[in-house]
Amino acid sequence: MHSLTFPRFGVSRVQEAIAKADTLIEAMGWIRKFRGKTTVIKLGGSVLDDENALMHILLDVIFMETVGMKPVVVHGGGKAINRALAESNVEPKFIHGRRYTDDSTLEVVRRVLAGEVNQFLTDEIERLGGRAMNLSVHSTNVLFGEQLKLDSGEDLGHVGRVTEVDRSVIEGLLYTDQVPVIPSFCEGKDGRGYNVNADTAAMAVAQALGAEKLVFLSDVNGVRMDKDDPDTIIHSLSETEARALIDSGHIASGMIPKVEACLETLGRGVGKVHIVDGRLRHSLLLEIYTSEGVGTEIYK
């Protein structure tokens, strides 16, 4: 009589499979908690130029939508704009770190940021298996605003700030399980276009939607006790703790305006704000669906 034999997993493969199952079980609690909740993701900087990092971020966005979260992508496109300006022989000009936008620059920003980059991100989400819709002045605009006035009185040209967000269009897409993709470009009541800082555009969208989370994908891993040492990252910060770190000088230089912007956003109805290194593979999923997280979470 012949005995039946069945293929068996090796011990290492079984342990690997169990570890994967444990990860899914850990994620389940967070998936249930955030199901149906809106998260605004600010995408920009060097991440947009890193093909591999960008692909994993967009896969994370698709995963979030698949398990019931409602992600909204707000993006910049500074480096792509700089390349296009160079090709057009338009010299970029900055005032206090902000791009001066004259008529020629505005046309490039409208074409590249609100057109090419916006359409590319939408197409990539679709290519990777998700559903997305680009919302811009070339399709359906949802950001409206006015010219930005500096306290110094200096003129930045066609640079604006968002004063109104069309919630109904964005929420309509979220209701039909699509990912809205929004460029940091707004339109005035007179039909003029304005270049907008991507951080402040994402803040305006998150505030208008009453988002559960606003995630800034950055080039650093979060808020650090020592700005030059990534191992000193602070994974969780209350509003009070964040202000104390600013006062003590531990939060310094370029991180100060970002953290202050986070605190302002918390004061306007957003649940939590995260600063995450977008170059880390699957950083969005690790930050939202694991207990430890990989960036800094700031809460009220």
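- Leu113 and Ser184 make their closest contact through CD2-O, 3.5 Å (heavy atoms, listed as atom of the first residue, atom of the second, distance).
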Practice task
Verify side-chain contact (heavy atoms from CB on, under 4.5 Å) between Val137 and Arg110, making sure each step is shown before the conclusion.
Solution key: CA-CA 8 Å; Val137 292; Arg110 181 189 288 270; 3.5 Å; yes
Ignoring hydrogens and angles, write down the donor-acceptor pairs under 3.5 Å from the side chains of residues 198-207, residues two or more places apart or on other chains.
residue : atom : partner : partner atom : Å
Asp199  : OD1  : Lys42   : NZ           : 3.1
Asp199  : OD2  : Lys258  : NZ           : 3.0
Thr200  : OG1  : Asn197  : O            : 2.9

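- In this structure, Arg111 pairs ionically with Glu116, as a charged nitrogen and a carboxylate oxygen lie closer than 4.0 Å.
- Minimum interatomic distance between Ser46 and Asp219 (heavy atoms only, all atoms of both residues): OG-OD1, 2.7 Å.
- Val61 and Val179 make their closest contact through CG1-CG1, 3.9 Å (heavy atoms, listed as atom of the first residue, atom of the second, distance).
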Practice task
Step by step, work out the side chain to side chain donor-acceptor pair (under 3.5 Å) result for Asp277 and Ser283.
Solution key: CA-CA 7 Å; Asp277 188 346; Ser283 55; over 6 Å; no
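- By the salt bridge (Lys or Arg N to Asp or Glu O under 4.0 Å) test, Arg32 is found to be paired with no residue, residues two or more places apart in sequence or in another chain being considered.
- Between Asp49 and Arg83, at least one side-chain N (NZ, or NE/NH1/NH2) sits under 4.0 Å from a carboxylate O, which counts as a salt bridge.
- The nearest pair of heavy atoms linking Ile251 to Ala242 is CD1-O, 3.9 Å.
- A donor-acceptor pair under 3.5 Å links the side-chain atoms of Glu126 to the main chain of Ala132, judged by distance alone.
- Scored by the salt bridge (Lys or Arg N to Asp or Glu O under 4.0 Å) test, Arg224 finds no partners at all (sequence neighbours excluded).
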Exercise for the section: Test Asp231 against Asp226 for side-chain contact (heavy atoms from CB on, under 4.5 Å), laying out the working first. Expected result: CA-CA 9 Å; Asp231 292 334; Asp226 178 350; over 6 Å; no
Exercise for the section: Evaluate side chain to side chain donor-acceptor pair (under 3.5 Å) for Ser291 paired with Glu26, printing each intermediate quantity in order. Expected result: CA-CA 8 Å; Ser291 300; Glu26 179 187 354; 3.3 Å; yes
Practice task
Verify side chain to side chain donor-acceptor pair (under 3.5 Å) between Asp103 and Thr105, making sure each step is shown before the conclusion.
Solution key: CA-CA 6 Å; Asp103 292 346; Thr105 303; over 6 Å; no
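- Ring orientation note: the planes of His158 and Tyr194 are tilted relative to one another, at an angle of 30° to 60°.
- In summary, Arg127 and Glu124 engage in a salt bridge, as defined by a charged side-chain N under 4.0 Å from a carboxylate O.
- One distance of note links OG of Ser236 with NE2 of His274; it measures 9.0 Å at 0.5 Å rounding.
- In this structure, Val40 and Ala211 approach most closely via the heavy-atom pair CG2-CB, 4.1 Å.
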Exercise for the section: Could you give me the CA-CA distance, side-chain angles and deciding distance for Glu239 and Leu263, then say whether side-chain contact (heavy atoms from CB on, under 4.5 Å) is met? Expected result: CA-CA 7 Å; Glu239 178 181 11; Leu263 297 177; 3.7 Å; yes
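- Residues meeting the salt bridge (Lys or Arg N to Asp or Glu O under 4.0 Å) test with Lys189, sequence neighbours left out: none.
- With sequence neighbours excluded, the residues satisfying salt bridge (Lys or Arg N to Asp or Glu O under 4.0 Å) with Glu146 are Arg161.
- The side chain to side chain donor-acceptor pair (under 3.5 Å) contacts involving residues 170-181 comprise Arg167-Glu171, Thr176-Gln178, where partners must be two or more places apart or lie in separate chains.
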Exercise for the section: Begin from the C-alpha positions of Phe144 and Asn141 and carry the test side-chain contact (heavy atoms from CB on, under 4.5 Å) through to its verdict. Expected result: CA-CA 8 Å; Phe144 300 90; Asn141 183 51; 3.4 Å; yes
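- Proximity of a side-chain donor or acceptor of Ser88 to a complementary backbone N or O of Val90 within less than 3.5 Å is not detected.
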Exercise for the section: Evaluate side chain to side chain donor-acceptor pair (under 3.5 Å) for Ser248 paired with His250, printing each intermediate quantity in order. Expected result: CA-CA 6 Å; Ser248 68; His250 286 97; 2.7 Å; yes
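- Taking both residues in full, the closest heavy atoms of Val181 and Pro183 are given as O-CD, 4.0 Å, listed atom of the first, atom of the second, then distance.
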